[in-house]
Every structure is written in C-alpha cells, then in structure tokens.
K.L.:
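Here you go, one structure.
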Amino acid sequence: MGPLRALVLAVLAVQCTEAAAGSSPGFLEFSVGKFTYFELNRPFPVEAALHQISSNVTFLIFQIHSQYQNTTVSFTKTLLPNASETGNDGGLVFTLRPEQTVCTWYLGTEDTKPVKNVAIPLPYSEGDPIPGGCNLEFDLDIDPNIYLDYNFFETTIKFAPANLGYARDEEPPSCDVGTGQDFRWRLQYDVYQYFLPENDLTEAALLWHLQRMAQVPQVKASAVKVITLTGNEKTTVSFSSLPGQGVIYNVIVWDPALNTSAAYIPVHTYACSFESAEGNCASLGRLSTKVFSTLFALLGLFICFFGHRFWKTELFFIGFIFLGFFFYILITRLTSLKYDVRLVLTAVAGSAGGVLLVAAWWRFGTLLLCMLCVGLVLGFFIASGAFFTPLGNLKVFHDDGVFWVTFSCIALLIPVVFMGCLRILNILTCGVVGSYSVVLAVDSYMYTSLSYITLNVLRRALNTDFRRAYLSVPFQTNDFIILTVWGMLAVSGITLQIRRERGQPPFPPHPYKLWKQERERRVTNILDPSYHTPPLRERLYGRLTQIKELFRKGQPAGERTPLLL
C-alpha cells in the first residue's frame, strides 16, 4: 500500500499545482470552444495555455475582444511585429505539429486602466479552409484578422485571402501557383453584418453579442449576409457608417469542393470614439444640430397641419429646404469650414431661399414655378426612400452617373404625375415632409435609422467614395415607434388639411394683383378714409415733429415778466 499511496499523493499534488497556476494573476487556462471572461492589467503580460487538444484538430484560431481598449496577443513573451496582434478585436492562428496537444501564448495591454476581455480558442480540422492563410499584405504569416477603418461617411473592412486546409504533417498548399479549382481561388467569402441593440453602448452587451459572431453556425443564424466575394475579387468591402450604432462584421470562408467553412475573427465598431473630447460616442449630437433640428421640426409640424392654409409660410419652408440643401453641399465640398459655421451659413442661405420664393410668388404669382419646387421636394424624398430600400445596394447604382440620373428621373416624375391636381400635391408634401422633420429632430437626441432616408443621399453628394458603400441600417424597436409616430402625424396632417380645404379655392389669389386693385380703389374712392391720407413725405415730417416734441423741455408755469404800469 505504500507505493500506491505515494502515487495518489503525487497525482493530487500535481492537480493542486495546476489549479493554483490556473487561478494565479500571471496565468490563464482556456478550454476549446468555450468563452472566457477575464481582466488584463498593464504591468506584465499574462501567459495563457490550452491543454488536451484533440488529434483531429489541425489548426486553432484564438481570438480576444474588448470594447475600445487595445490588447495584445503574441506567440512569444517578447513582442515581435510578425508574431503578435494588437487591437480591440484580434487573434492568432496556431498551426499544430504532429502529436502536439498543448498551445501557449501571451496576453497583455498598454492601457493604464484595466481592460475587460472575452476570448475563445476555436478548433478546425484539415478539411477546413484557413482564414488569412495566403496573407501578403499584413504582418502575420497567417492572419485571420479583419482590419476595420471608418470615417463619417463609410466603414471599410479588409482581410487577407484564405488558403486550403491541410493535415498536420503536410506542407501548406501554395497560394499563387495555379488559378484552377484545385487551388485557393475556388474559395468564396461571405461577409456578414450584425447590429447591436440601438442606443446601447454598454461593454457587457458588446461582449455578449460578440459570442454570436465567433463561430460559423452562430454567425449564419444571427447575422445578415451582405455580399459574397469570389477568390478573384478584392477582399475589401465598404459600408455606410452609423455613428453611435454598434455593428459587428465577420467573414466566413467556404470551400465549395469539400463543403467546409471557417470564420475569421469578428470585428466591431461604433463609428465614433469613446475617449475623444469631441464627437464622443456618449454625446454625438452637437448643440448646434439640436437647436437647428428642433426649430426646423417646430416649423415642420406647423406646415404638416396648416401648410396649405398658410401658403406663404409653406413657401418659405420649401425654399429653405431647396436652397439650404444645395448650399450645404457646396460649402462642404469647396471649403474646410467647421461644422457649426457651415450649419449657421446653411440656415442663413436657407432663409434667403425661403424669402426669395415667397417674394417670387408675391410679385409674379407664378403658381407653376412654386408648385414645381414643392413637387421636387416631395420627389426628392420619395427617391431617397426608394434608394433606402435594398434597391440602393444593386451594383448598377454604385456608378454615380446611373444613380443620379435615376434619382433625378424619380424626383421629376412626382410633379409631372400630380400636375392635374396641384392642391393634393401641396397637401401631400406638407404632411409627409413636414412630419419627417420630427424624425430628423429625434435623431439629434437619440439614434434612429429613419434619418438615413435623406442623410444617405446627402453623404452620396458630399463624398465620392460613398458610392461603393453598402447601405444597411438596423430596424429595431425604437425605429418602429418613431415610424408609427411619423405615420400618424403625416396621415393626421393630410386628412385635416383635405377636410378643411374642401369647398375652398385651390390656392390664394395673386398678392400683387390684389395690392394693385386695392391701391386703385383707394385712389378713386373719395369716401374711403385712406383716400385722404397725406403723402408719404408729409407723414414722415409729422412723425419727426412728434419725436422732437418728446425731447423738448416743458415751459415753466407762472408769470415771469414784470407788470408794466
């Protein structure tokens, strides 16, 4: 019993030592296919290990994620450019040697604050394609990472081409020897997009949803496939940026010959910074935007319910939109002024456009010109809505010429269709466009996808590279609520105006003709009190005299001159 007892004690000692190492601050132990939450600190890197790797596993992909703080994963304790990856979504590929059952690597961060992470090692067999196995652009020899870059207009992802799978004791297939179906050119890449809950910027939500984008079955079940790239196409895809909205992207490489697939390392973005003082994710809406959009929404609400009755106010609203939109595009493309300055200048130019349209109606009474402007605004909105649908993602519309010609035809078609019923056209424009201003105002305070109906067209006009971006937005609970409110406002405004204007003249008479008739009536009618009104010069002189009297000293009361006897 002595030797047996000694053996049992030795085994227990080894198990206790492994448990202590697994729980120590400088060591982490992972399990295949299981997510692990942990925290990294700056002073020293943490050694990580994976034991008991099955013999049918050919390669492993280890990935680590954090919300916005960078972490580093490395093959060695000393960081080397071609043996480490740094970012908030990064990882490495471990190609296993024959009989290898243990993998080790190192994790660390340069951030001064502790970093919360979630990580997972995923196993793949010899038939599965190797993500990033034919990398020629980035530092790692095999790079399964997706590289993301964003600006205000578009978000671009890039990734290295994959290679065919191979067994542990074999050499990797050559990447660029042939182009037939026996080489890596047969591989296809499915790009997936997954939206986080709207207005949710919490770290816990991101780390939990990232788990649904790491493995092939979960990605296919949870995300939306945007595009499929062949082996001959460039591995770069652009999307429209959605500041403040969390988005996760991933790519699944598929081998059609073996019907096997593997997932790259997912990458996420909010199209904004969590640490910058200006444009922070938590406070995206500028004060100037909130003031502008709120005042515009109040005017739009008035137009929605009373626009046709107050015809001149509606013309000011239409002229403001018409000239303000083109002026903002002009100064943005030709100048480098700050956003707040451009917004103020746009408000001034829009007001001038509104005054000019009202003045044109008052002096010339050109109803067709005014209704053409009204119809073009409604046509612009309908064309924007058409390209907001999946129609806008057709490859033919990535060409600027095709896009703008089609867009202009749709916008011009609306006033042509309603040429015989101008009052209906005017009331529809008041209800739809006026109520949509409320949606734009809501977007300055909280995220809503409905604002991109028009913002996508504005971005297309401002940035030439935006034509290649895929236009996809989430449609979640907030959007359904805002869509319902928008629809109720539009229907209520249109119904109210149609009922109130029943039996009334379609449009008010020409103001200048009325003014001339009134002036002639006053000149010829001597019984009209205005007929006896003095000329303008005499009235101004009399007004000045009254003003002078206000500053003249009053004469003292009492007699000051001596009496003459």
Side-chain angles (χ1 to χ4, degrees), residues 33 56-63 82 85 89-96 120-149 156-194 212-239 248-267 393 395 468 470:
N56 62 351
V57 176
T58 304
F59 67 95
L60 286 164
I61 296 181
F62 175 79
Q63 54 184 269
N82 62 345
E85 179 66 25
D89 297 293
L92 300 172
V93 170
F94 295 83
T95 55
L96 303 177
I120 181 175
L122 295 174
Y124 290 95
S125 62
E126 62 180 87
D128 298 323
I130 304 177
C134 287
N135 174 41
L136 297 175
E137 182 177 358
F138 308 109
D139 293 331
L140 294 172
D141 294 331
I142 301 177
D143 197 341
N145 297 283
I146 299 174
Y147 294 89
L148 183 145
D149 185 29
T156 303
I157 62 171
K158 298 179 181 179
F159 55 94
N163 198 0
L164 300 178
Y166 56 94
R168 286 196 185 192
D169 54 350
E170 295 179 357
E171 290 293 324
S174 180
C175 289
D176 297 314
V177 172
T179 58
Q181 291 299 308
D182 295 331
F183 299 93
R184 61 107 174 171
W185 304 99
R186 76 190 187 203
L187 300 177
Q188 298 182 9
Y189 305 88
D190 296 329
V191 181
Y192 285 84
Q193 185 180 43
Y194 180 87
R212 308 179 68 177
M213 289 293 289
Q215 303 178 70
V216 173
Q218 286 80 355
V219 172
K220 291 183 176 180
S222 305
V224 176
K225 184 168 69 173
V226 179
I227 186 176
T228 297
L229 302 175
T230 63
N232 297 318
E233 294 181 275
K234 191 175 182 180
T235 54
T236 302
V237 184
S238 295
F239 302 85
I248 303 174
Y249 300 99
N250 204 349
V251 178
I252 292 179
V253 53
W254 176 53
D255 187 344
L258 303 177
N259 195 25
T260 56
S261 57
Y264 281 70
I265 296 175
V267 63
N393 286 328
K395 285 189 176 180
R468 65 188 181 187
Y470 284 88

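In what follows, every heavy atom counts, from backbone to side chain, and hydrogens, waters and symmetry copies are set aside.
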K.L.:
Does Ile146 form a side chain to side chain contact (heavy atoms under 4.5 Å, CB included) with Leu148? I'd like the steps, not just the answer.
P.N.:
CA-CA 6 Å; Ile146 299 174; Leu148 183 145; 5.6 Å; no

K.L.:
Rounded to the nearest 0.5 Å, how far does CG of Leu136 lie from CG of Asp141?
P.N.:
10.5 Å

K.L.:
Side chain to side chain contact (heavy atoms under 4.5 Å, CB included) for Phe138 and Asn145? Distances and angles first, verdict last.
P.N.:
CA-CA 10 Å; Phe138 308 109; Asn145 297 283; over 6 Å; no

K.L.:
If you round to the nearest 0.5 Å, how far is CD1 of Ile61 from CZ of Phe94?
P.N.:
11.0 Å

K.L.:
Does a side-chain heavy-atom distance below 4.5 Å link Pro129 with Thr260?
P.N.:
yes

K.L.:
Val253 versus Asp255: any side-chain heavy-atom pair under 4.5 Å?
P.N.:
no

K.L.:
At their closest point, which heavy atom of Ala162 faces which heavy atom of Pro131, and how far apart are they?
P.N.:
CB-CA, 4.0 Å

K.L.:
Work out which heavy atom in Ala214 is nearest to a heavy atom in Ala263; give both atom names and the distance.
P.N.:
O-CB, 3.6 Å

K.L.:
Do the non-hydrogen side-chain atoms of Phe62 and Val93 ever get within less than 4.5 Å of each other?
P.N.:
no

K.L.:
Could you check whether any side-chain heavy atom of Val237 comes within less than 4.5 Å of a side-chain heavy atom of Val226, counting everything from C-beta outward?
P.N.:
no

K.L.:
Is any side-chain heavy atom of Ile157 closer than 4.5 Å to a side-chain heavy atom of Val191?
P.N.:
yes

K.L.:
Between Arg184 and Cys175, what is the shortest heavy-atom contact and its length?
P.N.:
NE-O, 3.3 Å

K.L.:
Is there a side-chain contact between Ile265 and Glu85 in this structure, where contact means two heavy atoms from C-beta onward sitting under 4.5 Å apart?
P.N.:
no

K.L.:
If you measure from CD on Gln188 to OG on Ser261, what distance do you get to the nearest 0.5 Å?
P.N.:
11.5 Å

K.L.:
To the nearest 0.5 Å, what is the distance between CG on Leu122 and CG on Leu60?
P.N.:
8.5 Å

K.L.:
Main chain of Leu140, side chain of Asn135: is a donor-acceptor contact present, judged purely on distance under 3.5 Å?
P.N.:
yes

K.L.:
Applying ring pair (Phe, Tyr, Trp, His ring centres under 6.0 Å), name anything that partners Tyr166, two or more places apart in sequence or on another chain.
P.N.:
none

K.L.:
Distance check, rounded to the nearest 0.5 Å: Leu258 atom CG versus Arg186 atom CZ?
P.N.:
5.0 Å

K.L.:
When you look at CD of Glu171, are more than 12 heavy atoms from neighbouring residues, nucleotides or ligands closer to it than 6.0 Å?
P.N.:
no

K.L.:
Could you report the tightest heavy-atom contact between Gly132 and Tyr264, atom names first, then the distance?
P.N.:
N-OH, 3.3 Å

K.L.:
Looking only at heavy atoms, which two atoms of Pro266 and Asp89 are closest? And how far apart?
P.N.:
O-CB, 3.4 Å

K.L.:
Between Phe239 and Tyr470, what is the ring plane arrangement, given parallel below 30°, perpendicular above 60°, and tilted in between?
P.N.:
tilted

K.L.:
Look at the side chain of Arg168 and the backbone N and O of Asn56, then say whether any donor-acceptor pair between them is shorter than 3.5 Å.
P.N.:
no

K.L.:
What pair of heavy atoms forms the shortest contact from Asp128 to Ser125, and how long is it?
P.N.:
OD2-N, 2.9 Å

K.L.:
Which value, rounded to the nearest 0.5 Å, describes the distance between Lys234 atom NZ and Lys158 atom NZ?
P.N.:
6.5 Å

K.L.:
Are Leu164 and Leu187 close enough that some pair of their side-chain heavy atoms sits under 4.5 Å apart?
P.N.:
yes

K.L.:
Keeping Asn250 on the side-chain end and Met213 on the backbone end, is there a donor-acceptor pair under 3.5 Å?
P.N.:
yes

K.L.:
Tell me whether Thr235 contacts the main-chain N or O of Phe159 through its side chain, where contact means a donor paired with an acceptor under 3.5 Å.
P.N.:
yes

K.L.:
Looking only at atom types and distance, does a side-chain atom of Tyr189 sit under 3.5 Å from a main-chain N or O of Glu233, one as donor and one as acceptor?
P.N.:
no

K.L.:
Quick one: are Asn163 and Cys134 in side-chain contact, heavy atoms under 4.5 Å?
P.N.:
yes

